[in-house]
Amino acid sequence: MANPFKTALGGSQAPQRGQRNFAPALLQHLQNFQGDPMQQLQEKINSSGVSQEQVNQLYSAAEKIAQRMMGMFPRR
């Protein structure tokens, strides 16, 4: 099964070096997403064999990334 994030961000066509603006591809992926994201996440966690500690570390890293991304948007 293909990685949906890699597919949404250009797959193997994505440049390997240099900066890339992922925002348009990410927004399109989010707009086309169907289903309950928390349920799908839990299913992936349950099927992958990762520990709860690993899940917590990933969640913490994702929160930091989201905070940094929000800091880039202009305030109204």
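If you're wondering where the values come from, they're calculated on a predicted model, not measured in any experiment. We use all heavy atoms of the structure for the numbers below, so side chains are in, but hydrogens, waters and symmetry mates are not.
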Indicate, with yes or no, if Leu30 and Met69 share a hydrophobic cluster defined by side-chain heavy-atom contacts under 4.5 Å among Ile, Leu, Val, Met, Phe, Trp and Tyr.
-> yes

Under the side-chain contact (heavy atoms from CB on, under 4.5 Å) test, which residues partner Gln42, sequence neighbours left out?
-> Ile45, Asn46

Without swapping roles, check the side chain of Ser60 against the backbone of Gln57 for a donor-acceptor pair under 3.5 Å.
-> no

First locate atom CD of Gln67, then atom CD1 of Ile65, and finally report the distance between them rounded to the nearest 0.5 Å.
-> 10.5 Å

Shortest non-hydrogen separation from Gln40 to Gln34 and the atoms involved | NE2-O, 3.2 Å

Spacing of Glu43 atom CD and Asp36 atom CG [to the nearest 0.5 Å] | 9.0 Å

Flag yes if Leu41 and Phe33 sit in one hydrophobic cluster, no otherwise; membership is Ile, Leu, Val, Met, Phe, Trp, Tyr, and two members link when side-chain heavy atoms are under 4.5 Å apart.
-> no

Across all chains, not counting sequence neighbours, the side-chain contact (heavy atoms from CB on, under 4.5 Å) partners of Glu63 are Tyr59

